Amino acid sequence: TSLVKKSFDSLNDDWIEIHSNHVHFLKFGRWVDPTDYPNVVLKNTHTNWTAFYNFTNTMLRPYEQCDCYRASNTPVRILEAANVMENRYFRDGVERY
């Protein structure tokens, strides 16, 4: 079970980082600088999940909306898969058919 949870945690973290970096590029025309503090990709530059979600929502608006929730305000290094909802929605206003 811990191996499955660890795989989920790593996959989820990787997806969040890739997604946030791409949205940042579309909004600002540059990739996220790893030295940016706080950082939209590096969750450990925030004190807790609420701070991370509020920061990414503010920085990436209007292109991204995050329907994000953690059951508790745990430190960002802890990912509790059973108590997580993180739906990130991207829209750039360009119609594609």
Side-chain angles (χ1 to χ4, degrees):
T1 303
S2 63
L3 180 59
V4 171
K5 184 180 182 322
K6 179 146 180 60
S7 295
F8 171 81
D9 292 353
S10 297
L11 177 63
N12 191 42
D13 280 353
D14 291 347
W15 181 87
I16 293 166
E17 290 173 10
I18 291 166
H19 172 84
S20 296
N21 203 4
H22 281 97
V23 174
H24 185 276
F25 181 82
L26 291 170
K27 180 172 182 178
F28 297 105
R30 67 177 180 87
W31 299 108
V32 174
D33 184 335
T35 63
D36 288 349
Y37 189 90
N39 195 299
V40 297
V41 174
L42 302 174
K43 294 168 292 305
N44 63 351
T45 63
H46 302 271
T47 55
N48 56 52
W49 286 106
T50 301
F52 176 68
Y53 293 146
N54 288 339
F55 182 76
T56 59
N57 256 345
T58 301
M59 286 295 293
L60 302 177
R61 192 175 285 142
Y63 300 105
E64 180 192 86
Q65 293 296 313
C66 181
D67 176 13
C68 302
Y69 169 78
R70 297 281 166 158
S72 63
N73 206 10
T74 57
V76 293
R77 68 184 178 279
I78 299 171
L79 182 64
E80 300 168 340
N83 299 314
V84 174
M85 178 174 61
E86 189 161 344
N87 300 310
R88 294 180 176 269
Y89 304 95
F90 172 78
R91 181 181 171 108
D92 65 358
V94 176
E95 296 292 330
R96 294 176 178 83
Y97 300 97

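Here the structure is a predicted model, which is why all the values come from computation and not from measurement.
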CG (L60) and CZ (F28) are apart, to the nearest 0.5 Å, by 7.0 Å
If you look at every heavy atom in V23 and Y63, which pair is closest and at what distance? CG1-CB, 4.1 Å
Closer than 3.5 angstrom, by distance alone: can the side chain of H22 be matched with the main-chain N or O of I18 as a donor-acceptor pair? yes
Atom of N48, atom of A51 and distance for their closest heavy-atom approach: OD1-N, 2.8 Å
Sorted by chain and residue number, the side-chain contact (heavy atoms from CB on, under 4.5 Å) partners of Y37 (sequence neighbours excluded) come out as T45
If you link I, L, V, M, F, W and Y whenever their side-chain heavy atoms are under 4.5 Å apart, who else ends up in the same group as W31? F25
Selection residues 38-69 - residue pairs positive for disulfide (SG to SG under 2.5 Å), sequence neighbours left out: C66-C68
Euclidean distance, K43 NZ relative to W49 CH2, rounded to 0.5 Å: 5.5 Å
Kindly compute the distance separating CD (E64) from CE (M59), expressed to the nearest 0.5 Å. 11.5 Å
List in chain and number order the residues that pass side-chain hydrogen bond (donor to acceptor under 3.5 Å, both in side chains) with T58, two or more places apart in sequence or in another chain; answer none if no residue qualifies. none
Working to the nearest 0.5 angstrom, can you tell me the gap between H19 NE2 and Y89 OH? 11.0 Å
Atom pair CG/CZ of N57 and F52 - distance to nearest 0.5 Å: 10.0 Å
For V41 against V32, the heavy-atom pair lying closest together: CG2-CG2, 3.6 Å
Checking N87 now: which residues fulfil side-chain hydrogen bond (donor to acceptor under 3.5 Å, both in side chains) with it, not counting sequence neighbours? none
Mind checking salt bridge (Lys or Arg N to Asp or Glu O under 4.0 Å) for D36 and listing every partner two or more places apart, or none if nothing turns up? R30
If every non-hydrogen atom of V40 is compared with every non-hydrogen atom of T56, which pair is closest and at what distance? O-CG2, 3.8 Å
